[in-house]
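Below you'll find the structure, written out as structure tokens, and then a few comments.
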There are 2 protein chains.
Amino acid sequence: MHGHQTISSGELAAQGGTTSAQVRKDLSFFGSFGKRGLGYSVSALSSSLREILGLGRQWNVVIVGAGKIGAALAQYEGFRDRGFKVVGVYDEDPARVGGTLDGVVVRDQRELESDIMKLKPHIALIAVPAEAAQTLVDRVVKAGVRAILNFAPTPLTVPEKVTLRSVNMALELEILSYALVNAGE
Amino acid sequence: MHGHQTISSGELAAQGGTTSAQVRKDLSFFGSFGKRGLGYSVSALSSSLREILGLGRQWNVVIVGAGKIGAALAQYEGFRDRGFKVVGVYDEDPARVGGTLDGVVVRDQRELESDIMKLKPHIALIAVPAEAAQTLVDRVVKAGVRAILNFAPTPLTVPEKVTLRSVNMALELEILSYALVNAGE
DNA sequence: AAGTGTGAATGCGTTCACAGCA
DNA sequence: TGCTGTGAACGCATTCACACTT
């Protein structure tokens with residue numbers, strides 16, 4: 001794998017934990033990058049995908065909520081490595097406002113709208129309790145954010161032009177517990 | 001909604017952000033709980049579902065990795081509320097071993113196997129760097145854990161009898177960035 | 001010979017639509 | 001009449017299989 005100029009769909013599949021047919025189908029959705037009998041040029045494929053997925057650019061992110069989850073997100077290195085930069089963290093609790101999380105100062109949630117207008121972040125991460133989530137989503141959407149990643153364990157609604165994805169850790173655990181209960185069948 | 005003895009699939013759908021047909025189909029998978037023309041008895045449905053999903057019981061959980069994500073998980077109230085109890089947190093870094101996270105002492109990763117044999121946790125949460133994840137999964141599986149929730153951004157393999165689910169936050173952000181790049185089409 | 005790209009077959013979850021029961 | 005429970009239709013993603021290219 002090291003030093004290969006070229007890589008086959010089968011090798012990519014093994015790395016990604018999927019099948020060769022899947023890899024070819026997925027790539028063909030974006031275009032035709034491979035050579036028959038040979039495989040894909042590693043460098044050409046890599047740069048094409050970076051381009052297509054928008055990973056070349058830097059994406060500015062604001063985190064709403066500086067509790068346990070918000071703090072973990074602010075300090076997660078995986079984001080920075082992939083071009084996601086945390087430009088703001090917000091909380092409503094005065095005890096948290098003014099503190100710093102990995103170099104970013106926690107700001108008052110009342111500044112949210114004006115900061116979003118100014119910083120124009122591309123993505124907002126919602127890390128507040130379930131009850132507060134919809135209200136805050138509405139606020140960041142109204143201020144201009146078009147992409148939201150929700151960590152609150154509640155379904156949210158957004159206008160059609162806004163992209164919303166949700167991560168629900170408690171639900172994942174419940175699915176596991178269901179699998180455990182029904183293991184012997 | 002408050003004080004209702006009974007609730008229709010349409011009302012449940014609105015709360016859950018889905019459709020009435022979806023709700024009826026999902027519930028019918030487990031059995032037949034509703035009354036035609038009336039809806040579902042809130043209390044009966046609630047207790048049946050708790051039973052079926054295994055939410056009545058307590059599930060013991062170990063967290064492998066006491067870094068940023070492991071710490072956030074250890075302190076996440078959402079788990080305790082739903083019957084998931086953190087019975088152990090493990091790390092290999094001596095600087096972290098012996099510290100406490102929300103009342104649970106961080107133990108040496110070398111104790112992992114013997115503790116699992118003793119505590120018999122139902123679920124393991126993997127919160128270590130991608131490179132170490134597969135090794136640790138293999139270790140907890142070998143020690144007897146049957147359900148794993150993975151937070152490391154890498155595909156993992158487990159034996160068939162083990163249930164594995166993965167949460168990949170960086171991937172979620174990349175999907176959002178792709179949506180943003182292709183917004184105007 | 002090796003391995004892509006893609007129509008066709010398959011599987012699965014979601015939506016539709018309605019018969020039947022309270 | 002109201003709303004469930006469920007077969008049938010549908011849509012979409014995954015898998016198969018093979019003609020075609022280098």
Side-chain angles (χ1 to χ4, degrees), chain A residues 1-49 51-53 155-157 160 163-166 168 171-172 174-176 178-179 182 185, chain B residues 1 3-49 51-53 155-158 160 163-166 168 171-172 174-176 178-179 182 185:
Chain A
M1 219 131 329
H2 282 279
H4 274 36
Q5 300 288 309
T6 196
I7 190 166
S8 71
S9 56
E11 291 171 295
L12 284 168
Q15 281 185 44
T18 174
T19 67
S20 63
Q22 186 67 59
V23 167
R24 293 203 298 282
K25 201 64 152 188
D26 285 354
L27 292 177
S28 76
F29 175 77
F30 299 120
S32 173
F33 306 108
K35 287 211 175 12
R36 297 175 188 223
L38 247 176
Y40 301 86
S41 154
V42 173
S43 60
L45 180 61
S46 160
S47 72
S48 296
L49 285 181
E51 178 85 13
I52 290 165
L53 296 174
L156 299 174
T157 59
E160 190 162 359
T163 305
L164 167 74
R165 294 189 62 85
S166 288
N168 190 333
L171 179 60
E172 297 291 338
E174 288 176 8
I175 292 170
L176 286 180
Y178 176 72
N182 295 73
E185 279 164 45
Chain B
M1 216 123 342
H4 273 39
Q5 299 289 312
T6 195
I7 189 166
S8 71
S9 55
E11 291 171 297
L12 282 168
Q15 280 185 44
T18 175
T19 66
S20 63
Q22 187 66 60
V23 167
R24 292 202 301 279
K25 200 67 153 186
D26 286 353
L27 292 178
S28 75
F29 176 77
F30 299 120
S32 173
F33 306 108
K35 288 210 173 18
R36 298 173 188 225
L38 248 176
Y40 301 88
S41 152
V42 173
S43 61
L45 180 61
S46 161
S47 73
S48 295
L49 285 181
E51 176 84 11
I52 291 166
L53 295 173
L156 299 174
T157 59
V158 293
E160 192 162 0
T163 305
L164 168 71
R165 296 190 60 88
S166 288
N168 189 332
L171 179 61
E172 297 290 340
E174 288 176 8
I175 292 170
L176 286 180
Y178 176 71
N182 295 74
E185 276 162 47

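Numbers restart at 1 for each chain; the letters A, B, ... are given by sequence-line order, proteins then strands.
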Check every strand shown and say whether B/Thr19 touches a base, only sugar-phosphate, or nothing at a heavy-atom separation below 4.0 Å.
-> sugar-phosphate
For A/Ser9, report the nucleic acid contact type (base, sugar-phosphate, nothing); a contact means any heavy atom under 4.0 Å.
->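 Sugar-phosphate, backbone atoms only, no base.
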Working to the nearest 0.5 Å, report the span between CG of B/Leu156 and CZ of B/Arg165.
-> 14.0 Å
To the nearest 0.5 angstrom, please state how far the OH atom of A/Tyr178 sits from the OG1 atom of B/Thr163.
-> 11.5 Å
Rounded interatomic separation in angstrom, taking [atom1] from [X] and [atom2] from [N]:
X: A/Leu38; N: D/dC20; atom1: CG; atom2: C1'; answer: 15 Å
X: A/Phe30; N: C/dT4; atom1: CZ; atom2: P; answer: 17 Å
X: A/Arg24; N: D/dC20; atom1: CZ; atom2: C1'; answer: 13 Å
X: A/Phe29; N: D/dT14; atom1: CZ; atom2: C1'; answer: 15 Å
X: B/Glu11; N: D/dG2; atom1: CD; atom2: C1'; answer: 12 Å
X: B/Asp26; N: C/dC12; atom1: CG; atom2: P; answer: 16 Å
X: B/Phe33; N: C/dA22; atom1: CZ; atom2: C1'; answer: 19 Å

Sub-4.5 Å side-chain heavy-atom contact between A/Thr6 and A/Lys35 | no
Does the side chain of B/Leu27 reach to within under 4.5 Å of the side chain of B/Leu49, using non-hydrogen atoms?
->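 Counting from C-beta outward, B/Leu27 and B/Leu49 do come under 4.5 Å.
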Using only side-chain N and O atoms of [X], determine if any of them is under 4.0 Å from OP1 or OP2 of [N].
X: B/Gln22; N: C/dT15; answer: yes
X: A/Ser8; N: C/dG3; answer: no
X: B/Tyr40; N: D/dG5; answer: yes

Side chain of A/Arg36: nearest nucleotide among D/dT4, C/dT15, C/dG3?
-> C/dG3
Residue met sooner reading DNA chain D from 5', once B/Lys25 and B/Gly10 are mapped to nucleotides = B/Gly10
D/dG2 base to B/Lys35 side chain: any donor-acceptor pair below 3.5 Å?
-> no
Does one side chain, of B/Gln22 or B/Asp26, offer a donor that lies under 3.5 Å from an acceptor on the other?
->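 Distance-only check passes for B/Gln22 and B/Asp26.
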